[in-house]
Amino acid sequence: MNDLLIRGGRVIDPANDLDAPADVAIRDGRIAAVAPSLDPSQARDVIDASGHIVTPGLVDLHTHVYWGVTYWGIEADPVAARSGVTTWVDAGSAGAYSFPGFREFICTASRVRMFGFLNLSAIGLIAPTWEFANLDYCDVDLAIRTVEENRDIIVGIKARIDHNTTRGVGIRPLQLARALADRVALPLMVHIGNGPPPLHEIVDLLRPGDILTHCFTGGTHRLLTDDGRLSPIARELQQRGVLLDIGHGTGSFSYRTAEAALQEGVFPDVISSDIHQLSVQGPMFDLPTTLSKFLNLGMALPDVIDRATRRPALAIGKLELGTLRLGSPGDVAIFRVEEGNYAFFDVDMNKRQGNRRLVCTTTVAGGTVLPRVPERPPAIWAILPDHQRHNAPNASHRTTPP
């Protein structure tokens with residue numbers, strides 16, 4: 001007897017090269033069967049997914065979910081229920097000093113799966129920025145001990161490298177993060193935006209398997225030449241095995257950069273949200289909205305799903321996630337592809353029209369449907385920049401319900 005049967009949907013599971021009508025059965029929190037016309041009488045609960053897209057639970061590679069302790073963190077479970085994200089990878093909110101709390105009060109308490117990149121800075125993201133301005137916080141030996149005690153949930157090392165976080169210390173924090181990642185044999189995720197340090201100093205320190213997040217930024221680290229063409233650096237990074245990750249956020253996604261890349265055949269390796277206290281208010285909103293932007297930029301739906309399931313799971317070395325393979329965790333997302341006339345915006349509020357959007361109707365985590373519950377209001381400091389605040393709340397470009 002199966003615990004749950006999802007019937008009649010179009011199943012898209014890139015990890016298994018599957019894009020076809022099929023049913024999905026879950027038993028004891030694991031995928032028990034994926035096949036056409038499974039017997040509904042052999043399931044305790046049945047969800048009718050006719051006319052819907054059924055995918056593995058989404059894996060969001062860049063999130064901030066250390067709620068109540070850090071400047072950026074949201075509470076994940078309520079957003080998971082409406083977005084289809086069942087695996088949340090926190091991008092460096094916790095450093096060594098605060099990682100025990102992240103483990104106990106966030107990872108253990110959440111109904112969805114949590115992993116984290118450890119911030120080289122021992123104070124993590126308690127404040128909006130500046131975590132590397134004092135190199136005394138860059139305690140590599142302490143970070144190594146933290147990794148070794150938490151390898152079940154630490155999947156990499158995080159370093160934000162821009163003119164604010166590295167104020168006055170240049171490239172040194174990234175050199176230390178590089179040494180840390182090498183010593184613990186984990187990938188390094190590097191945030192870019194606006195220099196200094198210059199982009200060439202950053203990319204010189206990236207290795208195969210590392211992640212360049214905010215890859216389509218419009219800041220001075222943008223992967224564009226002076227005449228607006230895609231920089232050769234982008235293709236070189238992918239050829240070296242460095243992963244290009246979107247990390248949309250509030251300040252890190254530019255249509256100009258994205259369109260130049262796609263036009264020259266360079267696609268992001270991973271599409272992530274960089275969801276946090278600000279970006280959840282718009283114009284990012286959530287991962288399905290971010291995926292919808294790329295769907296309307298011309299990427300095929302299976303390719304978009306691939307970059308939010310199989311590929312991010314590979315990036316963190318969790319091959320059992322982001323797939324509906326038999327025996328894998330019973331994490332499933334169900335979407336409706338709505339057609340209409342929609343406006344989407346980048347972080348500078350540049351608008352692009354679209355005719356499709358992904359709307360999550362059901363999120364299943366470990367075989368259990370997540371209930372829709374109210375989300376916490378934004379923190380008192382979480383005020384959008386003026387150019388977004390005057391347009392984002394309850395505006396016509398909101399593409400998912402609050």
Would you find more than 12 non-hydrogen atoms of other residues, nucleotides or ligands less than 6.0 Å from [X] atom [atom1]?
X	atom1	answer
Asp227	CG	yes
Gln353	CD	yes
Asp204	CG	yes

Is the shortest side-chain N to carboxylate O distance from [X] to [Y] below 4.0 Å?
X	Y	result
Glu131	Arg160	yes
Arg207	Asp210	no
Arg325	Glu320	no
Arg27	Asp3	no
Asp269	Arg311	yes
Arg352	Glu259	yes
Asp141	Arg145	no

- Message: Between Phe253 and Phe216 (judged by ring centroids, cut-off 6.0 Å), do the two rings come close enough to count as a pair?
- Response: no
- Compute the ring centroids of His62 and His214, then answer whether they are less than 6.0 Å apart. yes
Judged by modelled atom types alone, do [X] and [Y] share a side-chain donor-acceptor pair under 3.5 Å?
X	Y	answer
Asn119	Ser121	no
Asp162	His191	yes
Thr63	Asp90	no
Asn296	Arg356	no

- Task: Could you give me the CA-CA distance, side-chain angles and deciding distance for Phe294 and Ile246, then say whether side-chain contact (heavy atoms from CB on, under 4.5 Å) is met?
- Result: CA-CA 11 Å; Phe294 284 88; Ile246 293 302; 3.4 Å; yes
Are the side chains of [X] and [Y] in touch, meaning some heavy atoms are under 4.5 Å apart?
X	Y	answer
Val69	Phe105	no
Thr323	Asn16	yes
Arg151	Val184	yes
Arg30	Pro329	yes
Met299	Phe267	yes
His248	Lys293	yes
Val155	Lys318	yes
Tyr71	Trp381	yes

- Should Asn150 and Arg103 be marked as a side chain to side chain donor-acceptor pair (under 3.5 Å) after you check the CA-CA gap, both sets of side-chain angles, and the distance that decides it? CA-CA 9 Å; Asn150 297 277; Arg103 182 182 190 101; 3.0 Å; yes
Provide the closest heavy-atom pair for [X] versus [Y] in the form atom of the first, atom of the second, distance.
X	Y	answer
Ala365	Val112	CB-CG1, 4.4 Å
Ala76	Val65	CB-CG1, 3.8 Å
Thr55	Leu58	OG1-CD2, 4.0 Å
Pro40	Leu5	CA-CD2, 3.6 Å
Val34	Leu326	N-CD2, 4.1 Å
Asp274	His276	O-CD2, 3.1 Å

Heavy-atom donor-acceptor pair, [X] side chain to [Y] backbone, under 3.5 Å:
X	Y	answer
Asn164	Thr129	no
Trp72	Pro128	yes
Arg235	Glu264	yes
Arg222	Gly219	yes
Asp77	Arg111	yes
Arg178	Leu205	yes
Thr70	Ile126	no
Glu375	Val79	no
Arg307	Asp303	yes
Asp23	Leu38	yes

- Message: Assess the residue pair Ser93 and His64 against the criterion (side chain to side chain donor-acceptor pair (under 3.5 Å)); give the C-alpha distance rounded to whole Å, side-chain angles, the decisive distance to 0.1 Å, and a yes or no.
- Response: CA-CA 6 Å; Ser93 297; His64 293 283; 2.9 Å; yes
Nearest 0.5 Å, what's the [atom1]-[atom2] distance between [X] and [Y]?
X	Y	atom1	atom2	result
Leu174	Leu188	CG	CG	6.0 Å
Phe132	Leu176	CZ	CG	8.5 Å
Thr165	Leu125	OG1	CG	9.5 Å
Leu244	Ile271	CG	CD1	11.5 Å
Ile154	Thr146	CD1	OG1	6.5 Å
Ser83	Leu287	OG	CG	7.0 Å

- Item | Candidate pair Val203 and Glu236, rule side-chain contact (heavy atoms from CB on, under 4.5 Å), full reasoning | CA-CA 10 Å; Val203 300; Glu236 292 168 6; over 6 Å; no
- Is it true that the NZ or CZ of Arg376 lies under 6.0 Å from the centre of Trp67's six-membered ring and within 45 degrees of the ring axis?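 Yes; both conditions hold, so Arg376 lies above the ring face of Trp67.
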- So among Ile12, Thr361, Asp19, which one has a side chain to side chain contact (heavy atoms under 4.5 Å, CB included) with Ile53? Ile12
- Task: Show the numbers, then the answer: is there a side-chain contact (heavy atoms from CB on, under 4.5 Å) between Trp130 and Arg167?
- Result: CA-CA 7 Å; Trp130 317 300; Arg167 188 174 298 172; 3.1 Å; yes
- Stepwise side-chain contact (heavy atoms from CB on, under 4.5 Å) check, Leu224 with Ser231: CA-CA 5 Å; Leu224 295 178; Ser231 170; 5.8 Å; no
